[in-house]
Amino acid sequence: MALFRISYVRSSSFRLKIPALSTLQLSTVSSADLFYGHLQKNIGNVEKTLATVKTKLDSGCVNQVLHKCSFELSQMGLRFFIWAGRQPNYRHSSFMYSRACEMIGIHGRPGLLFNVIEDYRREGCLVDIRIFKIMLNLCKEAKLAKEALSILGKMPEFHLRADTTMYNLVIRLFTEKGEMDMAMELMKEMDSVDIHPNMITYISLLKGFCDVGRWEDAYGVFEAMKEKGCEPNTVVYSVLLNAASRHGTMEKLMEVLEEMEKHGGTRGPNTVTYTSIIQRLCELGQPQEALKILDRMEEYGCAPNRVTVSSLIKEFCKNGHVEEAYKLIDRVVARGGASYGDCYSSLVVSLVKMKKIAEAEELFRNMLANGVKPDGVACTLVIKELCLEERVLDGFNLCNEVDRNGYLSSIDSDVYSLLLVGLCEHDHSVDAAKLARLMLKKGIRLKPYYAESIIKHLKKFGDQELVMNLGGIRNDKQN
DNA sequence: ATAGGGTTAG
């Protein structure tokens, strides 16, 4: 089979570290090479030649091309990334944006962005608003506020106008750096060119001013938005309430909350609003006050969720009042806001964090015994903790227990490698082989960091077939 | 867009 032949060419060290290559990845190798080939030639308007590569673009392919370019063709890599982002039926995910930033090295060399703009101009490429949007999103990932602003400034040269979302992105970058004067200036600029700030613009500014403690200015934004006919909503009030809880007085906060409750509708408090108050009260060491807010929340008809419950549970555990946590869980579940699975998982996590491992483990086992499904964090943390305590067999058994209950999907894939390396190092060859087979069956990859050690041990155990399979290579005579 | 345990494979 052609697909397998490709894998033979790989060097043996690479083969051991990258297990279970899917056919999808193998089949995109050649299209990434094709793209890269065109980029290397570096003839003008490379986008035209890229378009001749007839292949379905996917994130794996984009990733590979960027990787190839990352050694000495960063600028071409950037140009490819921008081109790819404009193709129909493909959109860069935010993960791809952050990968691209890393591989292109935008952070260290933001000048590449401007070089590419110059290339487009020189080569007479068609430059549209989407190119600028992709560049701005790269700036967002790399947290480059000044560069984003410069890119915005380049648009008129191509007879393009930024829209509200583009301004919002740049404003957000400045507010996150606490550069509020620049953010304000940008909002004023929007007004002057007749691009209207929206709710998101105002909320960014409001939050920014609150974060740096400029209350007067925050209030100014609040007034300004009303003047412009943008009525403050639940989110706006929640931001203000959050600020009041961090810097202001609790009395003022309660006044605002009351106002929100009376007004209701688009301004009525929601789960996030109440949860942030409960969190603050917990941080202040006032769990009883926090419980009163919980009552109030339910009276208003707002259901607490896992975030609400977990902040209370955390506080109870911190004070050693685990019984209170159990009482709270029964109550919340009875009202239908969150499930036992969610709540007990939060409790397990809190107990592990408090280093009450025995209690966490007991609860976790009780959950399994009673058909309550633990979430991913709880499973992962408990098993990791057991590995850390050199109780790798217990960890493995627990993993099997989770599997038997059909909750396998809630274990983080990294945990398997951790367990496997532990079993190997403790010479539990039978269990190691069992776990390795389970991983193969489930298609779980070896974590590269542990792969070499695991394969070394499995070889020592004499299970050649398993080694080959885990290495992602079929045990073939030609090999 | 406002809260938040640890994150997918790229």
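Chain A is the first sequence line, chain B the second, and so forth, proteins listed ahead of strands; every chain is numbered from 1.
Contacts of A/Asn233 with the nucleic acid, taken as non-hydrogen atoms under 4.0 Å apart, include base atoms. Within the 4.0 angstrom heavy-atom criterion, base atoms lie near A/Thr275. Residue contacts for A/Ser350: at a heavy-atom cut-off of 4.0 Å it reaches no nucleic acid atom on any strand shown. Within 4.0 Å (heavy atoms only), A/Asn168 reaches no atom of the nucleic acid at all. At a threshold of 4.0 angstrom between heavy atoms, the contacts of A/Ser345 include nucleobase atoms, whether or not backbone atoms are also involved. Heavy atoms of A/Arg280 sit nowhere under 4.0 angstrom from any nucleic acid atom. Counting any heavy atom pair closer than 4.0 Å across all strands shown, A/Ser93 reaches a base atom.
The separation between A/Gln279 atom CD and B/dA3 atom C1' is 5 Å, rounded to whole Å. Rounded to an integer number of Å, the gap from A/Ile411 CD1 to B/dG6 P is 18 Å. Regarding A/Glu141, its CD atom lies at a distance of 18 Å from the P atom of B/dG10, rounded to whole Å. Rounded to whole Å, atom C1' of B/dA3 lies 11 Å from atom CZ of A/Arg246. Atom CG in A/Asp342 sits about 16 Å away from atom P in B/dG6, given to the nearest Å. If you take CD1 of A/Ile313 and C1' of B/dG4, they are 14 Å apart, rounded to a whole angstrom. Atom P of nucleotide B/dG5 and atom CG of A/Asp375 are separated by 13 Å, given to the nearest angstrom. The CD1 atom of A/Ile277 sits 12 Å away from the C1' atom of B/dT2 (whole-angstrom rounding).
Using a 30° and 60° split on the angle between ring planes, A/Phe222 and A/Tyr237 fall in the perpendicular class, above 60°. Between A/Phe81 and A/His92, the ring planes lie parallel to each other; the angle is under 30°, not in the 30° to 60° tilted range.
Judged by distance alone, with hydrogens and angles left aside, A/Asn63 brings no side-chain donor or acceptor close enough to the base of B/dA9 to form a pair under 3.5 Å. Contact annotation: side chain of A/Arg306 to base of B/dG5, donor-acceptor pair present below 3.5 Å. A donor and an acceptor atom sit less than 3.5 Å apart, one in the side chain of A/Asn305 and one in the base of B/dA3.
The residue among A/Lys207 and A/Ala378 whose nearest nucleotide of DNA chain B is located toward the 5' end is A/Lys207. Comparing A/Val377 and A/Val239 by the nucleotide of DNA chain B that holds the closest heavy atom to each, the one mapping nearer the 5' end is A/Val239.
Comment: A/Arg99 does not engage A/Glu102 in a salt bridge, judged by the lack of any side-chain N to carboxylate O separation of less than 4.0 angstrom.
A donor and an acceptor atom, one from each side chain of A/Glu401 and A/Asn397, are nowhere located under 3.5 Å apart. A donor-acceptor pair shorter than 3.5 Å can be found between the side chains of A/Thr201 and A/Asn198.
When the side-chain nitrogen and oxygen atoms of A/Lys447 are compared with OP1 and OP2 of B/dT8, none of them lie within a distance under 4.0 Å. Side-chain N/O atoms of A/Gln64 include none lying less than 4.0 angstrom from OP1 or OP2 on B/dG10. Under 4.0 angstrom from either OP1 or OP2 of B/dG5 there lies at least one side-chain N or O belonging to A/Lys314.
Considering only the side chain of A/Lys353, B/dG6 comes nearest among B/dA3, B/dG10, B/dG6. Side-chain atoms of A/Met96 lie closest to B/dG10 of the nucleotides B/dA1, B/dG10, B/dG6.
Stacking is not found between A/Phe95 and the pyrimidine-like six-membered ring of the B/dA9 base under the 5.5 Å centre-distance and 30° plane-angle cut-offs.
For A/Phe396, the ring pair (Phe, Tyr, Trp, His ring centres under 6.0 Å) test picks out no residue, with sequence neighbours left out.
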